[in-house]
Structure formats: structure tokens, C-alpha cells
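A short worksheet on the structure shown next.
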Amino acid sequence: MKVLIVEDNDDYINLLNTEFELAGFEVVLAHDGLEGIEQAKNTNPDIILLDIILSKTLGFSLLRQLKKDDQIKSVPVVAMSNYSSRENEEKVNSLGAVKFIDKGSYKPSQIVEEIRQILERGKSM
Amino acid sequence: MTIFAGVLLVILILVVIAAFYERERMHRLYSLHEEKLTAEVRQREQEFNRRMYELAILKELGERIGYSLNIEKIIDIITGSLSQFIEYCGVAYMLIEPEKVVYKIHLEKSVSRKFIDNVRDTMLESLSALLDKKLIKNQVEETLSGAILVEELEDPARSIFHIPLVIGEKAVGVLTVADTRNGLYKEAEMTILYKIIRQASQAVTRLGDVVKTEQRKLNAMVSSMAEGVVMTDNDYRIVVVNSAARRMINALEVGEVSIFNFIDNLSGRFDIRGKLEESVKLNKILTADEVFIGDHFYQIIVSPVKTKVLGKEEILGGVVIFHDITHEKELERMREDFTSMIVHELRTPLTNIRGTSELLKKRMQELSSEKVSASLDLLERTSYHLLTLINDLLDVAKLESGKFTVYKKMENLNDIIKDVISVFTNQAQDKNLHIRVLFDDKLPLLEIDKMRISQVMQNLISNAIKYTTQGEIVITTKNQTQDVLVSIRDTGLGISEKDIPTLFSKFRQITTSAHEASGTGLGLVIARGIVESHGGKIWVESEVNAGSTFNFTLPIEN
């Protein structure tokens with residue numbers, strides 16, 4: 001299982017990296033939106049974990065770009081943010097994300113668990 | 001004796017006869033006088049009555065005109081009580097309006113259609129002559145009142161008398177009395193009618209002048225208002241519109257603005273006509289918050305316009321006031337931005353601390369020793385960062401509530417700055433930046449708070465390092481007699497002109513470039529607070545891609 005994590009906070013991305021690796025995932029990291037698009041195209045991830053508040057490209061527009069690209073659009077995207085709001089949640093859902101995760105209420109280990117479940121549901125379908 | 005007695009008797013008889021005649025004569029004379037007197041009294045009485053009527057009608061006119069400039073209404077008042085005084089089958093008036101000719105006739109006695117048309121045609125003729133303008137029947141809008149039409153009565157109007165209606169030296173219409181009988185109206189008898197009409201039109205003219213002056217004052221006030229103001233009458237015709245309202249709908253250059261200009265421009269956002277109708281109908285003030293028009297936000301207030309006529313309330317129309325709240329909205333947005341920025345800045349490190357401690361607790365055995373050490377590093381660094389952030393927030397809160405205090409002692413400023421620089425030497429070297437110092441060695445001791453001034457220097461130097469990728473940072477001190485000037489010049493990114501005004505304020509616009517390097521921007525707010533608490537000033541000079549120079553002064557105590 002390959003997960004692409006797009007996140008601009010170094011500490012947090014390292015933390016997620018460790019958790020996913022310990023859970024047996026293959027992890028690809030991208031520290032900004034541009035790198036995110038590139039890695040999505042080059043590494044064929046099974047799922048993308050995307051922070052929607054990125055400094056260079058806003059996560060929303062990145063999500064839109066990912067869903068427009070024929071090569072990537074079938075890859076499920078889980079959006080996450082420190083700004084949890086119904087507005088953000090509805091927005092990412094309407095843009096095609098499979099789930100919205102509030103970083104404040106999910107521990108990294110719980111995020112790993114969520115991702116695993118989403119991938120298993122996808123496989124059984 | 002008998003003769004004497006006879007003569008005496010004759011004389012007596014003569015005297016009696018004479019007295020009788022004299023009495024008769026006197027009586028006749030008296031009764032003649034009395035007749036004349038009675039006639040005079042009667043005439044006076046009549047004149048008095050006329051005068052009273054005149055006064056009554058003029059008084060009533062005065063009162064009503066006091067509140068109305070509507071000529072039609074005034075003429076209605078005159079014609080309403082004219083029958084007490086002049087005989088006629090019908091009294092009529094004809095007024096010129098932009099698109100039509102108003103013809104109103106009130107019948108005291110029944111007449112035929114022919115009579116009505118007779119009167120109309122002669123009025124139209126005399127009005128055409130008066131205005132020197134061809135008027136046609138099609139333009140006439142007729143209103144009939146009073147006695148009913150009886151077609152069997154075939155008498156035409158044989159007596160017709162016209163009086164022109166002149167307001168402010170301008171003929172506006174004709175007032176006419178008409179009867180089926182012949183030769184009824186003599187010029188002399190009509191003087192009172194002339195008088196009434198003249199007084200009424202004088203009153204209207206005078207009032208018109210007063211109203212015009214008042215209106216000019218009112219217009220001047222309304223047009224200089226920052227709020228957009230639109231007032232309409234009960235038929236939604238615009239009576240007042242000021243330039244703020246015109247500007248709002250881009251109609252500054254439009255000659256005559258109608259309600260449709262507003263309806264079209266506000267469509268989908270504000271139903272101006274519906275709201276006016278509702279407000280007038282319910283006799284209630286209505287408000288709409290945050291309506292976005294053009295590129296501004298407005299709070300809109302709709303109110304009926306009322307006046308009291310003879311103690312009775314009358315609705316003249318409605319008024320719409322557009323209050324521009326863009327600035328308030330902007331401030332509100334900035335406050336919200338600030339709050340969510342702070343929330344983000346607090347939650348991010350806390351999320352990291354929690355995630356890392358969870359990882360250490362559960363997976364300690366599976367982690368390499370480097371990972372463990374890096375995690376502990378993160379915990380220490382992030383807690384320190386959070387503490388600094390919370391201290392910053394506390395400082396800002398103190399500054400805002402006026403509870404920020406500085407503890408001043410006599411200090412050597414150059415030494416304080418040197419100490420701060422030493423902390424940053426490694427960081428600067430890592431980025432290949434050179435820190436150069438140009439100290440004025442003739443600085444007197446300054447009465448300052450060492451810890452706080454160090455804090456200002458730390459903030460300014462760390463910013464300079466953060467936003468500079470190559471070149472140098474030059475720190476200068478200079479004795480300017482009244483005060484000491486400290487400058488921190490870098491060769492970094494620079495600050496765009498539009499960001500400078502809000503740079504030292506809490507609610508600064510967070511542009512992408514500032515966000516990129518992240519941070520709360522509170523450091524500069526606190527730096528300003530500290531410098532100002534010392535009686536100094538802080539400012540920045542900057543050029544994008546060339547660098548910035550932050551300057552502040554500290555006063556020299558005498």
C-alpha cells in the first residue's frame with residue numbers, strides 16, 4: 001500500500017511518515033502543492049492524504065487539479081486540516097475528497113487506521 | 001270774545017294740522033332714511049358675509065396650503081365651498097400636466113353631457129390661448145362629481161366664466177363656473193372669485209419660494225451625506241436621490257434617475273420596491289444587513305415618510321438609506337482572520353506534541369534511537385515555540401488594555417545589542433549572511449528596559465535573517481542629540497508598499513509571502529508597543545527585492 005502525504009509542516013509530516021511506516025505502508029512525502037502533483041503523477045500512490053492549508057498552493061486548488069487529471073483522478077483523496085469547519089468539510093467533499101479529517105481530533109495512529117479502512121473498502125468493492 | 005275765541009280755535013287747529021303734517025313729513029323722512037339705512041345695513045351685512053366667507057376660505061387655504069403644494073388639492077378646497085356664494089350649475093378646473101390635461105367638473109345641478117362638453121371645449125380653448133399652445137381633446141382626463149347627468153336636460157352652457165390659475169407668474173390652468181341660464185356672470189360680481197384665486201396663488205407662490213429655499217438646504221444636507229439616500233412618493237417616483245446613492249448604482253452622470261435604475265441595479269440582492277411597499281403598508285422601519293452592491297457592503301434601512309396635516313398622519317412615501325459598512329466588514333474579517341491564524345498557530349504545534357508523545361509512548365521499542373532523539377527534540381522545541389507564542393499573545397493583550405509596563409534603568413544600548421547579536425551569529429552563518437555593526441561610540445547611557453529592548457532587537461534581527469537569502473544585515477546606532485536612532489538594514493525580500501501601513505498592527509493583511517515564512521506577525525506589534533512605551537518611534541523603509549530598513553528611536557533623558 002502506497003500513501004502520498006502532502007503536508008507543509010515538517011514536524012507533522014515526519015510524524016505521519018513514522019506512523020505510516022510503522023504500520024507497514026510505503027510512504028511518499030510532498031512538502032508543497034507542486035511537489036504533491038508531481039509525486040502523484042510519478043509514484044502512482046493508492047491513496048493521497050492532503051493538507052488543505054498549504055502555503056504555496058491552497059489545498060483546495062490542488063485537490064481540484066488532482067481530480068481533473070485523468071491519470072490521478074481515480075486515486076482516493078483524504079483531506080485534512082487544522083481548521084475544522086462544516087464549510088471546509090462540505091467544500092472538500094464537493095471537490096471529490098472521500099473524507100475530511102480534523103487534525104485536532106484525530107491522532108496520527110487514528111489517521112493511519114482511517115486510511116487503511118478506506119483502502120480495504122475500496123478493494124472489496 | 002267769541003271772535004277771539006274763534007281765531008284762537010282756528011290758530012289752534014292750524015297748529016295742530018301743521019304739527020300733524022310736520023309729523024307726517026318727519027315720519028316720511030325718517031322712514032325714507034330708515035329704508036336707506038336698512039339697505040345699507042343689508043349691503044354691509046352681505047359684504048360682511050362675503051368677507052367672512054373670504055376670510056374663512058383664505059384661512060382654510062392657508063392651513064391646508066401650509067402642508068400642501070398640490071394645486072389640485074387647493075383648487076378642490078376653493079371649489080368645494082364656492083356654491084354658497086356664486087350660483088352655477090357646475091364649477092370646473094383644468095390643469096396642465098406633463099403628459100395630460102386634468103379636467104375636473106363638480107355639478108351642483110343636473111345637466112346633460114352636452115353641457116359638460118361645452119364647458120370642456122371652451123376651457124380647452126381659453127387654456128390654449130393662455131398658454132399659446134395647441135391642446136387637444138385626447139389629452140384630457142375627465143373627472144365628474146356632484147349631481148348626476150340627465151340627458152333630457154338639453155340646455156347648453158349659456159353663461160361661462162373663466163379665471164386663469166397663475167402660480168409664480170406661470171399660468172398652470174383655468175378655473176371655470178358655468179350655468180345654463182343666460183347672462184349670469186358680470187365681471188363686477190366675480191371680483192371676490194378673482195380675489196380668492198389671486199390670494200391662493202400668491203400663497204402658493206410664496207410657499208413655493210419658502211419650500212424651494214428649505215429644499216435647497218435639505219438637498220445640500222442630503223447630498224453631502226455619506227449615506228446613500230433615496231426618497232420616493234407613494235407611486236415610487238423618486239423625489240430625492242443624493243450623489244452617494246447615484247454613485248452606488250453608477251448613475252452619477254445619469255440625468256434623471258428613476259426607481260427602475262435602482263430595481264435593475266439591485267436585482268437579486270435587494271427588492272427596493274417591495275421593501276418600500278412593505279414598509280409603507282406596515283408603517284414600519286425595515287432593515288437589511290450586509291447587502292453587497294458594487295464592491296461595497298451596505299446596511300439598508302427602509303422607512304415610511306410621514307407628515308402630520310391638521311393633526312392627521314399622512315404617508316408621503318418612503319425613504320431608503322444605504323449605509324456603507326464595508327470598512328466595518330473589513331475589520332470584522334481581519335479580526336476573524338486573526339483569530340483563525342492564532343488558532344492555527346496554536347493547534348499546529350499542539351497537534352505535533354500530542355502525536356509525538358503518543359508515538360513515543362506506544363512505539364518506543366520499534367523506533368530507532370535517532371528517531372527517539374528527534375522526537376524528544378521536537379517536543380522541546382515545539383513547547384518552547386508555544387510558550388513564546390503565548391507570551392506574545394499576553395504582551396499584545398497587555399498592550400491593548402494599557403497594562404503594559406516597562407522597568408527602566410540606566411543602560412548601555414550598544415552592549416545590549418551586542419549581546420542579542422551573539423545569539424544569532426550561528427543562525428546567520430548557517431544562511432551565509434554577514435552581520436555588520438556600525439555603532440556610534442558616543443552614545444550616552446539610556447534609561448531603558450533592558451529585557452524589553454533586547455526583545456525588540458531579537459525580533460528585528462530574526463526577521464532580517466528570516467527574510468534574507470543573501471547579502472548582509474547592518475545594524476547601526478546613532479546619537480541624534482534628542483534621541484538615539486537604531487537601524488537594522490537587510491538585503492532581503494523587502495515589503496511591498498501596500499503592506500507597510502498595517503505592518504505594525506495586529507490585524508495586518510496576511511499576504512502569501514508573509515504566510516510562506518509563517519509566523520503570527522505579533523513580534524512587530526509588540527516591538528512597536530515596547531518602543532512607544534519608551535517614548536520612541538518605530539518605522540520601516542523598504543523596497544521589494546532590495547531589502548528593508550527597520551528604524552526606531554529611544555529618547556535621551558536630560
Side-chain angles (χ1 to χ4, degrees), chain A residues 5-25 27 29 31-35 49-62 79-89 91 100-115, chain B residues 333 336-386 388-389 466-467 493 509-521:
Chain A
I5 307 173
V6 189
E7 162 69 62
D8 66 344
N9 183 294
D10 288 342
D11 291 333
Y12 198 69
I13 202 170
N14 289 337
L15 192 59
L16 287 176
N17 184 20
T18 311
E19 286 284 358
F20 274 102
E21 274 178 356
L22 289 173
F25 279 84
V27 188
L29 301 180
H31 295 82
D32 60 50
L34 290 175
E35 202 184 337
L49 186 55
L50 170 70
D51 182 18
I52 54 165
I53 310 295
L54 294 169
S55 51
K56 278 182 188 150
T57 3
L58 207 60
F60 294 123
S61 58
L62 183 63
M80 57 178 178
S81 172
N82 239 330
Y83 292 97
S84 73
S85 74
R86 288 294 297 274
E87 205 186 322
N88 280 345
E89 189 168 347
K91 194 164 175 185
F100 177 80
I101 282 176
D102 171 15
K103 285 197 230 168
S105 35
Y106 280 77
K107 296 174 185 175
S109 55
Q110 289 171 320
I111 297 179
V112 173
E113 198 46 43
E114 278 293 332
I115 296 286
Chain B
R333 196 187 59 78
E336 280 169 8
D337 279 359
F338 177 76
T339 309
S340 56
M341 182 266 289
I342 290 298
V343 168
H344 186 253
E345 291 293 321
L346 288 172
R347 282 187 72 164
T348 304
L350 278 171
T351 309
N352 290 338
I353 289 173
R354 198 185 64 171
T356 308
S357 41
E358 189 214 15
L359 181 75
L360 286 175
K361 201 171 136 193
K362 284 191 183 159
R363 310 270 200 162
M364 187 71 126
Q365 276 73 36
E366 300 160 62
L367 293 174
S368 64
S369 62
E370 292 89 46
K371 267 258 153 74
V372 173
S373 138
S375 298
L376 290 171
D377 228 34
L378 179 147
L379 289 179
E380 191 190 5
R381 175 166 44 82
T382 313
S383 324
Y384 177 76
H385 170 76
L386 263 176
T388 316
L389 177 58
K466 186 151 78 179
Y467 295 109
L493 281 173
Q509 308 270 3
I510 303 155
T511 57
T512 29
S513 64
H515 197 235
E516 240 171 74
S518 113
T520 56

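Naming convention: chains lettered A, B, ... in sequence-line order (proteins, then strands); numbering from 1 in each chain.
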_Contact class of B:S375 relative to chain A, heavy atoms under 4.5 angstrom_ = neither
*How far does CG of A:D11 sit from CZ of B:R381, to the nearest 0.5 angstrom?*
4.0 Å
*With only heavy atoms counted, which part of B:E358 is less than 4.5 Å from chain A, the side chain, the backbone, both or neither?*
side chain
_Residue pair A:K107 / B:R354: nearest heavy atoms and the distance that separates them_ = N-NH2, 3.6 Å
*asked:* Shorter than 4.5 Å, heavy atoms on both sides: which option in B:T356, B:L367, B:V343 has the most such pairs with chain A?
replied: B:T356
*What part of A:L15 lies closer than 4.5 angstrom to a heavy atom of chain B: side chain, backbone, both or neither?*
side chain
*Given a strict heavy-atom distance threshold of 4.5 Å, which part of A:N9 is in contact with chain B: side chain, backbone, both, or neither?*
side chain
*With only heavy atoms counted, which part of B:L378 is less than 4.5 Å from chain A, the side chain, the backbone, both or neither?*
side chain
*How far does CG of A:N82 sit from CD of B:E345, to the nearest 0.5 angstrom?*
10.0 Å
*Measuring heavy-atom distances to chain A, does B:R347 have an atom under 4.5 Å in its side chain, in its backbone, in both, or in neither?*
both
*In chain order, what residues pass the side chain to side chain donor-acceptor pair (under 3.5 Å) check against A:N17, with sequence neighbours excluded?*
none
*To the nearest 0.5 Å, tell me how far B:N352 CG sits from A:L16 CG.*
9.0 Å
*Heavy-atom closest pair, residues B:L359 and A:E19*: CD1-OE2, 3.2 Å
*4.5 Å side-chain heavy-atom contact, A:Y12 and B:T348*: no
*Side chain, backbone, both or neither: which part of B:L350 has an atom under 4.5 Å from a heavy atom of chain A?*
neither
